[in-house]
Number of protein chains: 2
Amino acid sequence: MISSKRTPTINDVATRAGVSKKTVSRVINSSPMLKPQTREKVEKVIAELGYVPNPQARALALRRNFVLGLLYDNPNAQTILNFQQGVLDAIRDTEFALVVRPVDRHSPDMLDDIRDFLEKQRPAGVMILPPISENDAIAELCLEQGCGYVRMGSAEFDEPHRLVESNDGEAVGWAVDHLVEQGHRRIALIEGPEGFRSALERRRGFLEGLDRHGIAHDPGLVAKGAYTFESGKAAARALFDRDPRPTAIFACNDEMAAGALHVASERGIAVPRDLSLIGFDDSPTAAHMWPPLTTVSWPITRMANAAAMKLIAPATPEAKPFKFDSSLVQRSSVAPPQKP
Amino acid sequence: MISSKRTPTINDVATRAGVSKKTVSRVINSSPMLKPQTREKVEKVIAELGYVPNPQARALALRRNFVLGLLYDNPNAQTILNFQQGVLDAIRDTEFALVVRPVDRHSPDMLDDIRDFLEKQRPAGVMILPPISENDAIAELCLEQGCGYVRMGSAEFDEPHRLVESNDGEAVGWAVDHLVEQGHRRIALIEGPEGFRSALERRRGFLEGLDRHGIAHDPGLVAKGAYTFESGKAAARALFDRDPRPTAIFACNDEMAAGALHVASERGIAVPRDLSLIGFDDSPTAAHMWPPLTTVSWPITRMANAAAMKLIAPATPEAKPFKFDSSLVQRSSVAPPQKP
DNA sequence: TTGTACGCGTTATCAT
DNA sequence: ATGATAACGCGTACAA
C-alpha cells in the first residue's frame, strides 16, 4: 500500500504497475516504442494514484527549466497585462510557467538585476518588451547565460527568430491619412522620448505620411514627449501656444494623448470640434476618455502569443520574423477642422 | 582546471576550495558552525567561479519550491500590476520567483484550472486577489495540495495568518464624510456587483456614513454596477434620470466613476459644478480624467508586500492579521452643491 | 568543525 | 520493447 499522505512519485507508479521507472517515464513522455498494452496499464495506475510528474526533478534531469521570463519596464499596465495574457494562452496545457520580472531602465544596475534573475531562475527563455527590448546589452547577457530570448519591437534590431515585430511606422501613416482625409493640414506630433526605437519609427511614419500628402514638415509642430501623461500635457501646452494652432495632433501614445486632452479641457479647446486628436496603444482608457479617443491598436496579445511559441517550440532555423499589423480604431476624437 | 563552458556546481567549488560539498552547502546556507577562515576561503572560490546555486536542485532536495503564485481574476490591470510590484519588492534578493496565473471565475472549470496549476508548479504559496479570494473552495484546494496561501480581502473570512485585509468600508465612510462636509445631502451610490465581499463592505460603509450624518437612506439613490465602465454608465444614466438629481455620486470603483463621468459629459452635466463624484481604487487614470477624480486610495502594493512576506517567512503562529488603511485622495471632482 | 553516504524525482545510457 | 544503473545538483543523517 502506497502512503496516502505523500504525493506519489514515478517509483510508486512503477512498482504498482509492475514495470520499471523508465517505462513510466516513457509513458509520460509518450515515447513511440511501447506496447499499447503496457502503456494502458501504466496510464491506469497514473490515473488511480493521481500521479503528476515533479517539474523540479524534470528540470534537474533535463538541465532545462520550464519557465518563461517576462522582462519589462513599461508604464502602461494594460499593455503588460495583455502581454501576459497572450503568453499564458500560449503556455496553457504545457508545463511552462510564466515568471515576471519588472526592471528599472533608469537604474544603473539594471543589467546586474537581470543577470541575477537569469542566474537564479534559469528560464528556458525570456521575452523582452519595449523599450528595454532595444537594449542590445540585455540580449548579449541572455546569450552569455545560455538563455533564449525574443525581443518585441517596432524595427528589425535582431535576427528574425529572436524578434516579434509590429509595424508602428506604417500604422502612424494610416493615422495621418485619416486626418488628411478629414481635411486637416496643420497636423502636430507629440513625440516619444529620444532613444526609443518605437518613438523613432512612429515619427518616421508621421513624417512620411505628411510627405505622401504633399504637406511640408513644420518643425514647430513637433513637440517632444516622454510617453508619460505629464509630458503629454507639457507638449500640448507648447503646441497650443502656437499661432495658428494645429487643427490636429497625433500623440505617440494614449497617455500623452490623455495629457493633451487634459490641457485642451483646461483651455476650453473642444475636442474634436476645435482640435482632432489621435493616440497610440488603444489602452482601455482610450475608450473611457471624453471624447472617446481614436487611436492605433497594437496587437500586443497576439505578439505575446507568438513570442511564447517561439520560445517553447524548438527553434526552426529558417523561421521567418513575425510581424503583426496595427490598425486604426476610430472613435470620436477626430472631426473635420473648423473653417477659419 | 574547471571546464569554462559548464556553469559551476557545488562540486566544482568544493574541489577547488579543497573542502567537501557539505561545507560549501553550509557556507551557502550561512550555517553558524564554520571556521571563519574556511568560510572566507569558500566564499572566495564562489566569487572566482561565479557560482550560483541551482534553485531546481535545491527545490528538489528541500522538497520545497521557491515559487510564489499569484491567482487573480480582476478586470483592473493597474491593480494587478501594483500587486505584482509589491510582491516583487518582497522577494527581491530572495530566491523566490513570482509566477502569475489569471483564472476565469465564470468558467466551470476554474477549480480544475487552479488544481492543475498547483500540481504542476507546486508553489510554496499562492496569493489570492479579490474577488476570487472570497471563494472558500480555492482555499480548501490549496490546503489539500499542501500549498500555503494568503487571501486579500476587505473582511475577515479566514484565519488571521492567511489574510491581508483592507478597510474598504471605513474608507468609504470617510468619502461620505467629505461629501457631507461640502454640503451634500442627496448622495447616490453606484454599487459593486452582488456576491462581492468588497462591494458589500463598501455599501455598508456608505450607508453607515449616511447614517452618521442623519441622512435617511433613499433606495432610489442606489444603483447596481458590476465594477465595469459600461455598468458605471448604465448606473449613472439611471441616477441622472431621477428628479431631483443627486448632487453627488460615490462609485465603488474608478472605472464605474469614469463611466459616470462619461455620461455626465454626454448630458452636459458639469463635474464638479453640477455633480460631485468620488471613486475607489486610485487607479492611474483617476488622475488623468477631466476633472481629476477624487478617489479612495487602496494600499495594494503594501498589502502585496505583506502577503508575500507572510508566505516567505516561516509562519509565526501568533501572527496578527495585517490590516491596511485606505485613504481619501482629494482632487477636483468634488465641490459644494449648487444652490437651487 | 568537517566529511561520507545517501536521498530527492526524473531522464539518459546502454544493455538485454 | 523494457530494465538496471548512473547521472542531475543540492541537502541531511550520521559519523569522524
Side-chain angles (χ1 to χ4, degrees), chain A residues 2-3 5-43 45-46 49-67 95-96 119-122 124 146, chain B residues 2-3 5-43 45-46 49-67 95-96 119-122 124 146:
Chain A
I2 307 289
S3 160
K5 296 308 293 173
R6 204 166 45 79
T7 75
T9 75
I10 198 171
N11 280 312
D12 300 329
V13 177
T15 56
R16 178 135 172 186
V19 298
S20 78
K21 278 169 26 160
K22 184 58 196 169
T23 302
V24 179
S25 173
R26 287 196 176 99
V27 172
I28 296 170
N29 299 291
S30 46
S31 155
M33 33 179 187
L34 265 178
K35 243 196 280 194
Q37 163 188 353
T38 316
R39 176 186 305 276
E40 279 171 30
K41 185 174 60 182
V42 173
E43 274 170 351
V45 175
I46 289 181
L49 258 39
Y51 163 71
V52 178
N54 181 322
Q56 278 70 52
R58 270 175 73 82
L60 186 57
L62 288 170
R63 276 169 293 288
R64 174 153 192 239
N65 199 359
F66 292 95
V67 159
E95 51 198 333
F96 280 89
E119 282 175 348
K120 276 192 193 144
Q121 299 314 130
R122 313 207 180 174
Chain B
I2 308 289
S3 160
K5 295 309 294 174
R6 208 167 42 79
T7 73
T9 77
I10 197 171
N11 282 313
D12 300 329
V13 176
T15 56
R16 177 131 172 188
V19 298
S20 77
K21 270 169 36 160
K22 180 58 194 168
T23 303
V24 179
S25 173
R26 287 197 176 97
V27 172
I28 296 169
N29 300 292
S30 46
S31 155
M33 33 182 186
L34 265 179
K35 243 195 283 194
Q37 165 188 350
T38 316
R39 175 186 306 276
E40 279 172 29
K41 186 173 60 184
V42 173
E43 275 169 350
V45 175
I46 289 181
L49 257 40
Y51 165 71
V52 178
N54 180 322
Q56 277 70 50
R58 270 174 71 84
L60 186 57
L62 288 169
R63 280 178 260 359
R64 173 153 194 243
N65 197 0
F66 293 95
V67 160
E95 50 197 332
F96 279 89
E119 282 176 349
K120 276 194 194 140
Q121 300 314 130
R122 313 208 179 174

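Keep in mind that this is a model prediction, so the values were computed, not measured. Lettering follows sequence order; numbering is per chain, from 1.
Within 4.0 Å (heavy atoms only), B:L60 reaches at least one base atom of the nucleic acid. Using a 4.0 Å heavy-atom distance criterion, A:I10 is classed as a base contact. Using a 4.0 Å heavy-atom criterion, one finds that B:V24 contacts no nucleic acid atom at all. Contact annotation for A:P53: backbone-only contact, meaning every heavy-atom pair under 4.0 Å involves sugar-phosphate atoms and none involves a base. At a threshold of 4.0 angstrom between heavy atoms, the contacts of B:K22 include nucleobase atoms, whether or not backbone atoms are also involved.
Mapping B:K35 and A:I28 onto DNA chain C via the closest heavy atom, the residue that lands nearer the 5' end is B:K35.
Between the CZ atom of A:F66 and the P atom of C:dG9 there is a distance of 18 Å, rounded to whole Å. For the pair A:R63 CZ and D:dG9 C1', the computed distance is 10 Å after rounding to whole Å.
For the residue pair B:N11/B:R16, the side-chain donor-acceptor check at 3.5 Å is not satisfied. Of the N and O atoms on the side chains of A:R58 and A:N29, at least one donor lies less than 3.5 Å from an acceptor on the other residue.
Which of D:dG11, D:dG3, D:dT2 sits closest to the side chain of B:A61 comes down to D:dG11. Taking the side chain of B:N54 as heavy atoms from C-beta on, and the options C:dG3, D:dC8, D:dC10, the nearest nucleotide is D:dC10. Closest to the side chain of B:T9, from the set C:dT10, C:dA12, D:dG9, is D:dG9.
Although no hydrogens or angles enter the test, the distance criterion places no donor-acceptor pair under 3.5 Å between the side chain of B:S30 and the main chain of B:V27.
Look at A:S20 and you'll find a side-chain N or O under 4.0 angstrom from OP1 or OP2 of D:dG3. Between C:dT11 and A:N29, a contact under 4.0 Å exists linking OP1 or OP2 to a side-chain N or O. Side-chain nitrogen and oxygen atoms of B:S25 include none within less than 4.0 Å of the OP1 or OP2 phosphate oxygen of D:dC10. Side-chain N/O atoms of B:T38 include one lying less than 4.0 angstrom from OP1 or OP2 on C:dT2. For the pair A:R58 and C:dT11, the criterion of a side-chain N or O lying under 4.0 Å from OP1 or OP2 is met.
Residue side chain A:K21 reaches the base of C:dT10 through a donor-acceptor N/O pair under 3.5 Å, judged by distance alone. No N or O donor and acceptor, one from the side chain of B:R26 and one from the base of D:dG11, sit under 3.5 Å apart.
Side-chain contact between A:P53 and A:I10: absent, with no pair of heavy atoms (C-beta onward) separated by less than 4.5 Å.
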